[in-house]
Amino acid sequence: MSALASIRDLTVTYRRDGNAVAALRNISLDIVAGERLAIIGESGSGKSTLALAIAGLLPASSAVAGRIEWSGLGRTPLLGRDIGFVFQDPSASLDPVMTIGKQIAEVARTHLGLTWSQAYAKAKTLLERVRLPDPDSALHAFPHQLSGGQKQRVAIAAAIAAGPKLLIADEATSALDTIVQAEIVALIRRLVAEDGMTLLFISHDIALAAELAERIAVFRHGQLVELGATAQIVDAPTQAYTRTLLDAHIGLDAAPLLNRAGLPA
Amino acid sequence: MSLLAVSNLTKHYRRGGKTVIAVDDVSFHIEPGETLALAGPSGSGKSTIARLVLRLIEPDAGAIEFEDNDFLALGGAALRARRARLQTVFQDPLAAFNPRATVAHVLDDPLRIHGIASRSERPHRIAALLERVGLAADLAPRAIHEISGGQRQRVAIARAIATKPSLIVLDEAVSALDVSVRGQILDLLLDLQRQERIAYLFISHDLGVVRAVSHRVILLDAGRIAESGDARAVIDAPQSAIGKALVAAAPRLKRTTQDAS
Ligand SMILES: Nc1ncnc2c1ncn2[C@@H]1O[C@H](COP(=O)(O)OP(=O)(O)O)[C@@H](O)[C@H]1O
Ligand SMILES: Nc1ncnc2c1ncn2[C@@H]1O[C@H](COP(=O)(O)OP(=O)(O)O)[C@@H](O)[C@H]1O
Ligand SMILES: [Mg+2]
Ligand SMILES: [Mg+2]
């Protein structure tokens, strides 16, 4: 169990309208090389802030204390090359006026030193790997011509184009419907396994996180509440808050909330 | 007579020279105090049906009967009066308001527009509505951008019940809420249903939630009804291809030790 990254006493504060918002407080955790780690918590708990801090994407309005050591990488990571980032809204990372092929090729060219024609060949392979229908014509398509799920496949292809060690998916399936979500989760699982990547999977959905991750970290109000193996978090949480989240999940086997008495037949 | 009876509803859209059949020959009914869910993948026509039922858009074919009226034939004052009985709450319902608008302002509108309370009575009505949805009356002067997401959804529900509706269309109304808040909002909706016999057209992509709160469900696929029936019976043993796919894709939390709660 060697750490890809060790986060120590990480505190992130945003400044807004003259006020300081503590988004993360004294977070210490290791991201184990090759693991699938989920970060879960309700909105505002600091999940995205953690992802942005790891990716080096925090806005200038933030103040950071503590440190992130990349012992498993041996160098300061570069976004795109060492870290792939998939956002909730694929449009946020795709250029609307550039063809899909060019966007992916550009990542490969920049970080792998390929020529354009090599980079385009790589882009086509990546579109095949993310199972985009008709990769040849997709190379020349623009983002708006694709469905939400297809755009997310393209965003994933671009994120892994340079062969990063770490893939961060921040609510990457939250805007998709259940069926497409399951397909994208299966895709992420397969790509991470094939390329030996480490996965940081960020989600508000504890059931989804538990299906994919080997370990789960529970965040609340900017603090790490609990971190453990998925089975331990789901079956034997040590913190009351984790239990609250588990109990709030309404699964396909949940007791009906509905009192059927009183309804006319 | 059903509270709402929809027959052979059809809606086409023209997009880029092609015709999209958003809703294709859909028929259903809702009884007083009943929750009928619409579920299906994105693009299956759920929101289009909601907008048709609310008469925000007009169908290409079909009929809608609401409270024994030909709802599509109503116009002017008759339509306005009937609309008070048919309300809606969607995912981020207060987004359309100026964020500086106060809670009181949001609730004052329906009371004024539908002539439900005089100017002097309205502050009391607003306080009572806030209380009804579990909010403190002193929230009234606050701006809607200052209150939490859960509080905003309660205000939206208060706004919807202000006109004493018999049917509320809930289009992904709890989908964006945190799970802890979501449970409270669902409890509130069910409580209102029991107290006031409000019926819901409950639209959600979340089959777990649909199964827990609905009497019956319709599963839609590409604008058509793929399957319908008792919510638990359908979701526990789906027969249609889309039903099977939706159930298979729902994330499962496999807990071996579980509280009785
Ligand atoms: N750019 C920002 N400026 C100011 N406050 C922010 C900014 N981004 C996030 N926050 C605040 O930081 C806290 C954590 O936010 P975030 O990391 O986005 O949480 P999550 O992803 O879990 O919803 C919240 O209180 C949020 O309002
Ligand atoms: N205003 C519109 N113009 C063109 N097409 C539309 C419009 N509204 C909806 N559609 C199309 O109708 C279909 C059904 O959409 P919708 O009712 O929003 O589905 P859902 O709510 O189930 O996701 C989709 O193919 C959608 O793209
Ligand atoms: Mg976030
Ligand atoms: Mg919709």
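What you see is a predicted model, and the numbers here were worked out from it, not measured in a lab. First the proteins, then the strands, lettered A, B, ... as listed; each starts at 1.
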For residues [X] and [Y], determine if any side-chain heavy atom of one lies less than 4.5 Å from a side-chain heavy atom of the other.
X        : Y        : answer
A:Ile250 : B:Leu186 : yes
B:Val179 : A:Glu42  : yes
A:Gln181 : B:Pro251 : yes

Under 3.5 Å, side chain of [X] to main-chain N/O of [Y], donor-acceptor pair present?
X        : Y        : result
A:Glu211 : B:Arg252 : yes
B:Arg182 : A:Ala248 : yes
A:Thr178 : B:His205 : yes
A:Asp177 : B:Pro41  : no
B:Asp178 : A:Ser43  : yes
B:Arg211 : A:Leu252 : yes

| field | Portion of B:Val247 that has a non-hydrogen atom of chain A nearer than 4.5 angstrom | value | both
Separation between [atom1] of [X] and [atom2] of [Y], rounded to the nearest 0.5 Å:
X        : Y        : atom1 : atom2 : answer
B:Leu246 : A:Ile179 : CG    : CD1   : 4.0 Å
A:Leu257 : B:Asp191 : CG    : CG    : 12.5 Å
A:Ile233 : B:Arg255 : CD1   : CZ    : 12.0 Å

| request: Heavy-atom pairs under 4.5 Å with chain B are the metric here; pick the option from A:Thr244, A:Leu246, A:Val185, A:Leu245 that has the most. | output: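 Among the listed options, the one with the most contacts to chain B is A:Leu246.
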| field | A:Arg190 atom CZ, over 12 foreign heavy atoms within 6.0 Å | value | yes
| message | So if I take each residue of residues 197-208 of chain A and look for any heavy atom under 4.5 Å from a heavy atom in chain B, which residues do I end up with? | response |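 Residues in range: A:Asp205, A:Ile206, A:Ala207, A:Leu208.
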